[in-house]
Amino acid sequence: MIDIAKLSRRYEVRRMGEGDADAILAFCRENDTFYRYCSAEPSRERVLEDLRLTPPGVEASRKHYVGFFDGETLAAILDLIDGYPDNATAYIGFFMMNKALQGRGIGTGIIGEVCAHLKETGKTAVRLAIAEDNPQARHFWRKNGFRVIRKVPMDGWTALVAEREV
């Protein structure tokens, strides 16, 4: 079972909810690169939907939508599903770094710590989807050990499903 407090030794990890929607929206608006490649725009309604959204058949209790905080500074947001698409795998539905902190290895450090904790919980892999046309995201995830296992057409874009052993 995932213990969100153990996802990072450097940052305080807090569960985020509807009361954080405006802060999440402001954070996402600062990071417009993601939205350019997946045919979407950040909105309060989308944030509220993302806070609740789970894959089909996955209970809400297995969803961990969390923020990584350094004091009051939100360094990163992570949407993590425990046991999807199978019990041995965790799924990253969303990961976004604070734009001011990008390019310093902080995101790589966070993903490394997340994967280490997932391994401690018995997970063997982490999976996610990358917008095929987003070179920044493709580079980041490849650098962090994720390999594309298939392409999936989406509404207006193509997702690269990628996976990494933990």
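In what follows, every heavy atom counts, from backbone to side chain, and hydrogens, waters and symmetry copies are set aside.
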Return a table of donor-acceptor pairs under 3.5 angstrom between the side chains of residues 73-82 and protein atoms on other chains or two or more places apart.
residue, atom, partner, partner atom, Å
Asp79, OD1, Lys63, NZ, 3.0
Asp79, OD2, Lys63, NZ, 2.8
Asp82, OD1, Lys123, NZ, 2.8

Validation row: [X], [Y] side chains within 4.5 angstrom (heavy atoms):
X	Y	value
Thr121	Asp3	no
Ile106	Arg10	yes
Leu128	Phe146	yes
Thr89	Pro85	yes

Tell me, please, which residues at least two apart from [X] pass side-chain hydrogen bond (donor to acceptor under 3.5 Å, both in side chains).
X	answer
Asp70	none
Lys99	none
Asn98	none
Asp50	none

Quiz prompt | Members besides Met1 in its Ile/Leu/Val/Met/Phe/Trp/Tyr cluster (side-chain heavy atoms under 4.5 Å) | solution = none

Quiz prompt | Lys/Arg N to Asp/Glu carboxylate O, Arg62 vs Glu59, below 4.0 Å | solution =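 Judged by the 4.0 Å cut-off on N to carboxylate O distance, Arg62 and Glu59 do form a salt bridge.
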
Does [X] have more than 12 heavy atoms from other residues, nucleotides or ligands lying within 6.0 Å of its [atom1]?
X	atom1	result
Glu12	CD	yes
Asn87	CG	no
Lys151	NZ	no
Arg15	CZ	yes

Exercise. Could I get the full list of ring-ring contact (aromatic ring centres under 6.0 Å, His included) partners for Phe94, not counting sequence neighbours?
Key: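 ring-ring contact (aromatic ring centres under 6.0 Å, His included) list for Phe94, sorted by chain: Phe34.
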
Quiz item: Mind checking what makes ring-ring contact (aromatic ring centres under 6.0 Å, His included) contact with Phe27, not counting sequence neighbours?
Solution: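 With sequence neighbours excluded, Phe27 shows a ring-ring contact (aromatic ring centres under 6.0 Å, His included) to no residue whatsoever.
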
Quiz item: Can you name the residues that form a side-chain contact (heavy atoms from CB on, under 4.5 Å) with Glu72, not counting sequence neighbours?
Solution: Arg14

Self-check item: Set of side-chain contact (heavy atoms from CB on, under 4.5 Å) partners for Ala88, sequence neighbours left out
Solution: Asp86, Thr124

Exercise. Quick one: closest heavy-atom pair of Ser8 and Val13, and the distance?
Key: CB-CG2, 3.9 Å

Exercise. Might you point out which heavy atoms bring Arg44 and Asp22 nearest each other, and give the distance in Å?
Key: NE-OD1, 2.7 Å

Self-check item: Spatial distance of atom CD (Gln102) from atom CG (Asn31) [nearest 0.5 Å]
Solution: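 Interatomic distance, Gln102 CD to Asn31 CG, rounded to 0.5 Å: 5.0 Å.
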
Quiz item: If you measure from CZ on Arg147 to CH2 on Trp141, what distance do you get to the nearest 0.5 Å?
Solution: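 These two atoms lie 13.0 Å from each other.
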
Exercise. Return yes if some donor-acceptor pair links the side-chain N/O of Asn134 with the main-chain N/O of Ala137 below 3.5 Å, else return no.
Key: yes

Quiz item: Do we see a donor-acceptor contact under 3.5 Å between the side chains of Thr33 and Arg36?
Solution: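 Yes.
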
Quiz item: If you look only at pairs with a residue in residues 157-166, which of them pass as a salt bridge (Lys or Arg N to Asp or Glu O under 4.0 Å), with sequence neighbours excluded?
Solution: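 Passing the test, one end in residues 157-166: Arg127-Glu163.
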
Practice problem: Please list all pairs passing the ring pair (Phe, Tyr, Trp, His ring centres under 6.0 Å) test where one or both residues lie in residues 56-76, with sequence neighbours left out. | Solution: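 Applying ring pair (Phe, Tyr, Trp, His ring centres under 6.0 Å) to every pair that reaches into residues 56-76, excluding sequence neighbours, yields nothing.
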
